[in-house]
Amino acid sequence: MAVDELSLVFSALADPTRRAILERLAHGDATVNQLAEPFEMSQQAVSKHLKVLEHARLISRSRTAQSRPCALDTVRLDAAVGWIVRHRQIWADRHDRLDEHLAALRKAE
């Protein structure tokens, strides 16, 4: 996944409403009206969140008669998780080295 795509994913995930929408879509496809139900916001506001999620390619929309149900697309989420896992090990190794260095400094005192 390109860095720009990764930035789009993390930016989309930064908002709690969008994360809640993704959690809802993890249970199955839903329309804008269904997704708007639990929120105290207009359908237009939910639609704006959906556009951000769609731009980040975290959801897709299909056309069924007059409705446009939204579906979760996990490919970008899986790529983001992979990036986190790779970097988590790097950060853990650095933290371990820092702990060792601090222990050595304390011992030297």
Side-chain angles (χ1 to χ4, degrees):
M1 178 187 291
V3 175
D4 291 337
E5 290 179 352
L6 192 60
S7 296
L8 287 174
V9 169
F10 285 131
S11 179
L13 294 174
D15 186 273
T17 300
R18 291 192 285 268
R19 290 192 306 270
I21 290 170
L22 291 176
E23 286 181 37
R24 165 56 184 86
L25 290 173
H27 299 288
D29 297 359
T31 64
V32 175
N33 288 335
Q34 292 169 327
L35 292 170
E37 284 175 10
F39 302 107
E40 293 184 15
M41 65 178 67
S42 68
Q43 182 180 347
Q44 290 84 2
V46 172
S47 290
K48 287 181 182 181
H49 284 292
L50 292 175
K51 285 180 185 176
V52 172
L53 292 169
E54 194 172 20
H55 183 65
R57 296 170 56 188
L58 295 172
I59 67 167
S60 60
R61 292 187 190 187
S62 60
R63 185 170 295 278
T64 306
Q66 293 179 357
S67 70
R68 292 194 65 201
C70 300
L72 181 63
D73 186 348
T74 60
V75 172
R76 297 291 178 271
L77 286 175
D78 293 341
V81 168
W83 184 90
I84 290 170
V85 167
R86 285 189 304 278
H87 287 81
R88 180 178 175 182
Q89 186 59 49
I90 293 168
W91 300 326
D93 291 345
R94 288 180 181 175
H95 183 264
D96 291 345
R97 287 195 308 269
L98 177 60
D99 280 346
E100 291 169 6
H101 178 69
L102 293 173
L105 289 175
R106 287 186 199 111
K107 194 174 188 178
E109 290 176 357

- Task: Sort out for me which residue in D29, T31, L25 forms a side-chain contact (heavy atoms from CB on, under 4.5 Å) with C70.
- Result: L25

Connected via hydrophobic side-chain network under 4.5 Å: [X] and [Y]:
X   : Y   : result
W91 : F10 : yes
L53 : M41 : yes
F39 : L50 : yes
L72 : I21 : yes
V32 : I59 : yes

Where do [X] and [Y] come nearest, in terms of heavy atoms and distance?
X   : Y   : result
P38 : Q34 : CD-O, 3.8 Å
K51 : R61 : N-NH2, 4.0 Å
R76 : A56 : CG-O, 3.7 Å
S11 : R18 : O-NH2, 3.5 Å

Spacing of [X] atom [atom1] and [Y] atom [atom2] [to the nearest 0.5 Å]:
X    : Y    : atom1 : atom2 : answer
Q43  : K48  : CD    : NZ    : 13.0 Å
R106 : H101 : CZ    : NE2   : 10.5 Å
Q44  : H49  : CD    : NE2   : 12.5 Å
T17  : L35  : OG1   : CG    : 11.5 Å

- Check whether more than 12 heavy atoms from other residues, nucleotides or ligands sit under 6.0 Å from atom NE2 of H87, and answer yes or no. yes

- Query: Any chance CZ of R88 has more than 12 other-residue heavy atoms, nucleotides or ligands included, within less than 6.0 Å?
  - Reply: no

- Query: Do any N or O atoms from the side chain of S42 and from the backbone of A45 form a donor-acceptor pair under 3.5 angstrom?
  - Reply: yes

- Query: Just by modelled atom types, is the A14 backbone N or O under 3.5 Å from a matching donor or acceptor in the R19 side chain?
  - Reply: yes

- Query: So, do V75 and R57 sit near enough that their side-chain heavy atoms are less than 4.5 Å apart?
  - Reply: no

